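These numbers were taken from a predicted model, which means no experiment stands behind them.
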Amino acid sequence: MQPENLLQQLHLGTQKCSVGCPVLDHCLSGGFPCNSVTELVGESGCGKTQFCLQLVLSAQLPPSRGGLSASSLYIHTEFPFPLRRLRQLSRVFRSSHPDFCSSDPCDRVFVHGIYSADKLVDIMPKIELFLSHSRSRWPVRVIVIDSIAALFRSDFENTRLDLRKRSSLFFKISGGLKSLAKRFGIAVVVTNQVVDLIGSASEGVNGMRIGNLSGLYSSGRRVCPALGLAWANCLNSRLFLSMDEKVDGDGDGDGRVYQRTKTRRLSVVFAPHLPESSCEFMIKGEGVFGVQMHQA
């Protein structure tokens, strides 16, 4: 698929899957697009898994409510799978849509754990076969991989041979995911981690600037997505989740106890169908909710 063809599809006819919040959906121009691979990148605790869990529930809604009338495949690479949190969100989902949910939404989330990049490549044919046989009332239309970085954490060293093998696996994995996304009309979402960025903010990574890479800050640190430029070129879209800490108080030395609160933000790093924008959000027991949106 040529880049201009993907851009045209995303603008004209590609279905989007709601995140489950109108404010966040507005920031994403309707939600996560089908027929492409979207990455959620951010430091630990910023909300990547929360987004994914809420997404696989929202996918079950009919298109009139922003969903896909679909099941989801959730591939987790960091153990254990957050089943308790999924069940909590599922109860909220059922109470929010009492006229729609007659059965347990968790039954339409298929979970599979893997532990290596090679294993992910090996099961691609099985995933394709599973998708072919799931074309029922609830076909699988969302695939989540949480997280892609964990598959490459310890199996590779910084040698030329290992770097070449790693890049080869990147393209095999992304090629397989894009093929499935296009063939079955699937929204593929992968999560990724960040590393501290050392060097000039204007240069980005290895002299290459990817999207608005120089503006990625989280918890007061300049960061960049893990896995480097090779993996970035495998994606259609990249969204960045960041955290910061606000201290409420005027600092006049009167002995007052100041309240520290965490703020979280979703930002578009690059996407063929989205402007550079961001939206503040918060995580509650009931789910992920956008607070505000502004053009960057």
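Looking at heavy atoms from C-beta onward, S147 lies in side-chain contact with Q193 at the 4.5 angstrom threshold. A heavy-atom distance below 4.5 Å is not found between the side chains of R264 and S242. Put simply, the side chain of V288 does not reach to within 4.5 Å of the side chain of C21, judged on heavy atoms. The side-chain heavy atoms of T49 and E78, taken from C-beta on, include no pair separated by under 4.5 Å. W231 has its side chain within reach of V190: a pair of non-hydrogen atoms, C-beta onward, lies under 4.5 Å apart. Side-chain contact between E276 and V268 is absent, with no heavy atoms from C-beta onward closer than 4.5 Å. At least one side-chain heavy atom of I114 sits under 4.5 Å from a side-chain heavy atom of L120. Between L53 and P82 there is a side-chain heavy-atom pair separated by less than 4.5 Å.
Cluster annotation: I145 and I123 are assigned to the same hydrophobic cluster (Ile/Leu/Val/Met/Phe/Trp/Tyr, side-chain heavy-atom contacts under 4.5 Å, transitive). Placement of M124 and V140 within a single hydrophobic cluster is found when ILVMFWY residues are connected by side-chain heavy-atom separations under 4.5 Å, directly or transitively. Note: the hydrophobic cluster containing L89 also contains V111 (ILVMFWY, side chain heavy atoms under 4.5 Å, direct or indirect links). With hydrophobic clusters built from ILVMFWY side chains whose heavy atoms lie under 4.5 angstrom apart, L131 shares a cluster with L177. Hydrophobic cluster membership differs between F289 and V92, with clusters built from Ile, Leu, Val, Met, Phe, Trp and Tyr side chains linked at under 4.5 angstrom.
Checked against ring-ring contact (aromatic ring centres under 6.0 Å, His included), F81 has the following partners two or more places apart in sequence or in another chain: Y74, H76. The ring-ring contact (aromatic ring centres under 6.0 Å, His included) search around F171 returns none, not counting sequence neighbours. Scored by the salt bridge (Lys or Arg N to Asp or Glu O under 4.0 Å) test, E286 finds no partners at all (sequence neighbours excluded). Applying the ring-ring contact (aromatic ring centres under 6.0 Å, His included) test to F51 and every residue at least two apart in sequence or in another chain returns F281.
For the atom pair CD1 (I186) and CD1 (I127), the distance works out to 9.0 Å, reported to the nearest 0.5 Å. Here the CZ-CZ distance, from F130 to F110, works out to 4.5 Å after rounding to the nearest 0.5 Å. The NE2 atom of H112 sits 11.5 Å away from atom OG1 of T77, with the distance rounded to the nearest 0.5 Å. Atom SG of C46 is separated from atom CZ of F240 by 7.5 Å, given to the nearest 0.5 angstrom. Atom CG of L55 sits about 8.5 Å away from atom CG of L40, to the nearest 0.5 Å. Atom NZ of residue K16 and atom OG1 of residue T14 lie 7.0 Å apart, to the nearest 0.5 angstrom.
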Would you sort out whether S58 and R65 count as a side chain to side chain donor-acceptor pair (under 3.5 Å), showing the intermediate values?
CA-CA 9 Å; S58 297; R65 301 190 190 182; over 6 Å; no

List the steps and the verdict of side chain to side chain contact (heavy atoms under 4.5 Å, CB included) for V188 and T38.
CA-CA 6 Å; V188 178; T38 303; over 6 Å; no

Do H273 and N236 pass the side chain to side chain contact (heavy atoms under 4.5 Å, CB included) test, and can you show the C-alpha distance, the side-chain angles, and the key distance before you say yes or no?
CA-CA 10 Å; H273 62 296; N236 297 124; over 6 Å; no

With side chain to side chain contact (heavy atoms under 4.5 Å, CB included) as the test, would you mind laying out the steps for V194 and C224 before giving the verdict?
CA-CA 5 Å; V194 297; C224 67; over 6 Å; no

Go through the steps for S132 and F184 under the test side chain to side chain contact (heavy atoms under 4.5 Å, CB included), then give the verdict.
CA-CA 8 Å; S132 298; F184 297 98; 3.6 Å; yes

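Sequence neighbours left out, the pairs with a member in residues 29-50 that pass salt bridge (Lys or Arg N to Asp or Glu O under 4.0 Å) are E39-R238, E43-R221. Applying the salt bridge (Lys or Arg N to Asp or Glu O under 4.0 Å) definition to pairs two or more places apart or across chains, none involves residues 167-176.
A donor-acceptor distance shorter than 3.5 angstrom exists from the side chain of S218 to the backbone of M243, with no hydrogens or angles considered. Listed for the S167 side chain is no donor-acceptor partner under 3.5 Å among the backbone atoms of R164. Not a single donor-acceptor pair under 3.5 Å links the side chain of K178 to the backbone N or O of I173. Using modelled atom types, one side-chain atom of S174 and one backbone atom of F170 make a donor-acceptor pair closer than 3.5 Å. Checking side-chain atoms of Q54 against main-chain N and O of V19 turns up a donor-acceptor pair under 3.5 Å.
For R85, the CZ atom sits in a packed shell: over 12 heavy atoms of surrounding residues, nucleotides or ligands are nearer than 6.0 Å.
L57 and P105 get closest at one heavy-atom pair: CD2-CB, 3.8 Å. Across V41 and P225, no two heavy atoms sit closer than the pair CG2-CB, 3.7 Å. Closest approach of S18 and D25 over heavy atoms only: OG-OD2, 2.6 Å. Here the shortest heavy-atom pairing between V144 and V142 reads CG2-CG1, 4.1 Å. Counting all heavy atoms, side chain and backbone alike, L68 lies closest to C17 at CD1-CB, 3.8 Å. Minimum heavy-atom separation, A70 to W138: N-CE3, 3.8 Å.
No hydrogens or angles considered: nothing links the side chains of S69 and R141 as a donor-acceptor pair under 3.5 Å. Counted by atom type alone, R265 and S278 present one or more donor-acceptor pairs between their side chains at under 3.5 Å. For the residue pair D244/T263, the side-chain donor-acceptor check at 3.5 Å is not satisfied.
A salt bridge is defined here as a Lys NZ or Arg NE, NH1 or NH2 lying under 4.0 Å from an Asp or Glu carboxylate O, and D107 with R94 fails to meet this definition.
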